[in-house]
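Before any comments, here is the structure.
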Number of protein chains: 2
Amino acid sequence: MSKLKPADISPELHSDNVLTEFTLQALLGYQIKRAYNHVQNDLSETLAAFDLRVLTFTALVMIKENAGTSQSKLANALQIERPNLVAIIDELENRELIVRERVVHDRRAYSLVVTKTGSQLCVSALNAVKAHEKNMFSCLTAADKKALTKMMLRIRQNNEL
Amino acid sequence: MSKLKPADISPELHSDNVLTEFTLQALLGYQIKRAYNHVQNDLSETLAAFDLRVLTFTALVMIKENAGTSQSKLANALQIERPNLVAIIDELENRELIVRERVVHDRRAYSLVVTKTGSQLCVSALNAVKAHEKNMFSCLTAADKKALTKMMLRIRQNNEL
DNA sequence: TTTATATGTTATACTTCATAATGATTATTA
DNA sequence: TAATAATCATTATGAAGTATAACATATAAA
């Protein structure tokens, strides 16, 4: 059986309006990326209501949970460079959500602590984020989410250590 | 029973060297983000061996699969702005991995097609990416991966339409 | 005491990403 | 048909995110 050849081989535009992506769809990493993009975008919108960017929010959460930490350690935890954390801490301090306190036995470093306002905003924002997650993952069962969490942790541990 | 108070309430540095992230770890989106970061980084390294960035690679794959498409449609599929695609297509063309062919019935648009070299590089890079995925997700069973793919698709469909 | 290292900061550059505007071409519509 | 609008690729440009070098101050190590 001979293969049929296209009758017209002159350059033409691909006729379909939407492209196929069979090759990429076969890649698990691609599926995760596309799904995560939605989560990320919706999270950004959610936090925008509190005038917070994702990174600023995570910084606030981490400072609240790790009261008294330094910018150096925080930058490490957030996986960003120290210089880039300065502006974030500046903003949080200007908005009086945290304070930079001087450390007695180490006058190089600051001790970062959330204020009462900061703590309250943190709670409100966190509630909004939980609602956002409930909505984003409404298509998953509780068992799904549990399994998904375990898989993500496994991937992380598989490549972090 | 009275609660014990810390003996010293003067500002001190958080004593632990590594910060906890209990609050963030309770968020599924955060788990996905952290896991995906590893995948993304390893993918970048994998493609660097072919002198390809992730976006350039996906563009090449999409052009191969959708021979004759236009830059406009491709930008749409890649979810980037048309102006930002120009440099990518320029690079692919300069490396003779694709060609911009003029379209007969529409002299505004180009018809993008992979060259033989481009097709071959695409195959090689794709094999490397498959190996990368096999390695990255070696901690997951086949059933895990299948379930994960389904979940990601569900999230995507839940928020795309 | 000398040297090395850590902290926060500034300055800077590079990359990524988004928008406005333009020339050429095609599609629409009056 | 003529006038208007829309489309395609492109340039220029700016905003935002990210990475590096260098510095002053302070602590730790030799």
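The sequence lines fix the lettering, A, B, ..., with proteins before strands; numbering per chain opens at 1.
Ion pairing between a basic and an acidic side chain is recognised when a charged N comes within 4.0 Å of a carboxylate O; A:D144 and B:R154 show such pairing. Salt-bridge check for A:E21 with A:R34: passed, with a basic side-chain N closer than 4.0 Å to an acidic carboxylate O.
Computed from coordinates, the A:N37 CG to C:dC17 C1' distance equals 13 Å when rounded to whole Å. Computed from coordinates, the B:I88 CD1 to C:dT16 P distance equals 9 Å when rounded to whole Å. Rounded to an integer number of Å, the gap from NZ of A:K73 to P of C:dT7 is 8 Å. Atom pair A:R100:CZ and D:dT25:C1' shows a separation of 16 Å (rounding to whole Å applied). Here D:dC8 presents its C1' atom at 14 Å from CG of B:L74, a figure rounded to the nearest Å. A:E91 places its CD atom 15 Å from the P atom of C:dT9, with the value rounded to the nearest Å. As rounded to whole Å, 10 Å separates atom P of D:dT27 from atom NE2 of A:H105. The nearest whole Å value for the distance from the CG atom in B:L85 to the P atom in C:dT19 is 16 Å.
Considering only heavy atoms from C-beta on, B:C139 comes within 4.5 Å of A:I155 through its side chain. Within the 4.5 Å cutoff, no side-chain heavy atoms of B:F57 are placed close to those of B:L121.
Counting only N and O atoms by type, the side chains of B:T20 and A:E65 include a donor and acceptor under 3.5 Å apart.
With hydrogens and angles disregarded, no donor-acceptor distance shorter than 3.5 Å links the side chain of A:E101 to the backbone of A:L112.
For the side-chain hydrogen bond (donor to acceptor under 3.5 Å, both in side chains) criterion with A:Y110, the lone passing option out of A:E93, A:R102, A:R100 is A:R102.
Side-chain atoms of A:R108 lie closest to C:dA6 of the nucleotides C:dT9, C:dA6, C:dT25.
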Report task. Could you run through nucleotides 12-19 of chain D and give me one letter per nucleotide, 5' to 3': B if any protein heavy atom sits under 4.0 Å from the base, S if only the sugar-phosphate is that close, - if neither? Result -> -----SBB
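Residue B:Q71 has no polar side-chain atom (N or O) positioned under 4.0 Å from OP1 or OP2 of D:dT7.
In terms of position along DNA chain D, the nucleotide closest to B:S72 lies nearer the 5' end than the nucleotide closest to the other residue of the pair B:S72 and A:R107.
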